[in-house]
**Student:** 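Next up is a structure, given as structure tokens.
Quick note on labels: first sequence line is chain A, next is B, and so on, each numbered from 1. Below, all heavy atoms of this structure are taken into account, side chains as well, without hydrogens, waters or symmetry copies.
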Protein chains: 2
Amino acid sequence: MQSSEAKKEFIQVWGSLGSSWGINRTMSSIHALLMSSSKAMSTEEIMEALQISRGNANMNIRALIDWGLVKKRFVPGERKEFFEAGKDIWEIARQIAAERKKRELTPVLQVIDDLKAKEDQSDPHFTKLLNEMQEFTTTLTAVMEKFERSDRNWFFKRLMKLFS
Amino acid sequence: MQSSEAKKEFIQVWGSLGSSWGINRTMSSIHALLMSSSKAMSTEEIMEALQISRGNANMNIRALIDWGLVKKRFVPGERKEFFEAGKDIWEIARQIAAERKKRELTPVLQVIDDLKAKEDQSDPHFTKLLNEMQEFTTTLTAVMEKFERSDRNWFFKRLMKLFS
DNA sequence: CAGAACTTTCAGTAAATATTGAAAGATATT
DNA sequence: AATATCTTTCAATATTTACTGAAAGTTCTG
């Protein structure tokens, strides 16, 4: 499958966007490739399309599966695995938000808790900072959980309404 | 000024959080240091506290100023510059959101526009993807702009109401 | 169960990114 | 206007992160 110029550019852009958000370039490129492909692709095809090694392809496909962004797909009569990405953009956003919440927000809440316990109260300014940060993070977590559970459009509808 | 253990840990955690979001570790460490300091600090003091070189300190302080997270502060009788970070966590979040919108969301909208123009319509699936991505990005941009302009208490109140 | 088809791992290497420190550039001071 | 104080720049270097490819591992097939 030879991609159109537009698809290639899309893959490129998505890759660099990912990398500026702390997600490795290859991982987001594979994601873009699979999103823009209408059929599931094998590891070989991905390697070929992006000109990357087998090890790299394999590792990043696994990472995408881990993030819930890509699924294995068994193709009748084929022995090897095929992969496909979910195509609904709101669903993808929800998945990414949920994962980042789990990976980054939850640990931060934990750390703040620990710090508050350690902190000797000698610096009221710092104590206040920790408290506000805890409040902020807790609220943000709640927002993300709501988003995580909301159905496709409910959340953004509410949000837009809130701001209109 | 010798920081407490808790402050040191806070700086450390904030730094690694930043780096997992594509912001360089030193930049977020300096930010954490300044947030947790009740007085403005000079470049020298920052270098000393974080054990970093002058060049590194200077570059990252400039970046923080660029992001609107840190401000110069002239101290009477002192020739050198002092720096201080805003302390209001909602304000900080707003600033970061606004900057990332400007740096990443706006360019993406531009690219999608270009791609839609280039795309030859031969692949309806890809066309649909681009359209949905455009819709999504536009909505997200609108939400962030609202957040950007809203005043602190208003936003917080509305947000809490959404979840009650 | 031997061999083929495919997947995973990981030590070595390459590439990207961040940091240093010394020199050049400013700006103030006498 | 020479000197001192402070800031910025940037080529060299160090560190971190990502990638490769071959070998080991796994699963399927006849």
**Student:** Mind calculating the distance between CD (A:Glu48) and C1' (D:dT20) to the nearest angstrom?
**Tutor:** 17 Å

**Student:** Are A:Glu145 and A:Lys101 within salt-bridge range, i.e. N to O under 4.0 Å?
**Tutor:** yes

**Student:** Tell me, which of residues 64-79 of chain B have any heavy atom that sits under 4.0 Å from an atom in DNA chain D?
**Tutor:** B:Arg79

**Student:** Taking NZ, NE, NH1 and NH2 as the nitrogens, is one of them in B:Glu5 or A:Lys118 under 4.0 Å from a carboxylate oxygen of the other?
**Tutor:** no

**Student:** What pairs with A:Gln95 under side-chain hydrogen bond (donor to acceptor under 3.5 Å, both in side chains), at least two apart in sequence or on another chain?
**Tutor:** none

**Student:** Can you check the B:Asn58 CG to D:dT5 P distance for me, whole Å?
**Tutor:** 19 Å

**Student:** Between A:Glu119 and A:Lys116, does at least one N-O distance fall below 4.0 Å, as a salt bridge requires?
**Tutor:** no

**Student:** Kindly state each residue pair satisfying salt bridge (charged side-chain N to carboxylate O under 4.0 Å, His left out) with at least one member in residues 48-58 of chain B, sequence neighbours excluded.
**Tutor:** B:Glu44-B:Arg54

**Student:** How would you list all residue pairs meeting salt bridge (charged side-chain N to carboxylate O under 4.0 Å, His left out) that involve residues 13-31 of chain B, not counting sequence neighbours?
**Tutor:** none

**Student:** Give the rounded distance in Å between these two atoms: NZ of A:Lys80 and C1' of C:dA4.
**Tutor:** 13 Å

**Student:** Just the rounded figure in Å: distance from P of D:dT17 to CH2 of B:Trp21.
**Tutor:** 17 Å

**Student:** Is it the case that B:Arg100 places NZ or CZ above or below the six-membered ring of B:Trp21, under 6.0 angstrom from the centre and within 45 degrees of the axis?
**Tutor:** no

**Student:** Find the distance B:Arg62:CZ to D:dC10:P and express it as a whole number of Å.
**Tutor:** 15 Å

**Student:** Given atom CD of B:Glu81 and atom P of C:dA26, what is their separation to the nearest angstrom?
**Tutor:** 15 Å

**Student:** If the sugar-phosphate is the primed atoms plus P, OP1 and OP2 and the base is the rest, what is the B/S/- string for nucleotides 19-24 of chain C, using protein heavy atoms under 4.0 Å?
**Tutor:** SBB---

**Student:** Using residues 67-80 of chain A as the side-chain source, report each donor-acceptor pair under 3.5 Å to any protein atom, sequence neighbours left out, with the distance given to one decimal.
**Tutor:**
| from | atom 1 | to | atom 2 | distance (Å) |
| --- | --- | --- | --- | --- |
| A:Lys72 | NZ | A:Glu81 | OE2 | 2.8 |
| A:Arg73 | NH1 | A:Glu84 | OE1 | 2.8 |
| A:Arg73 | NH1 | A:Glu84 | OE2 | 3.4 |

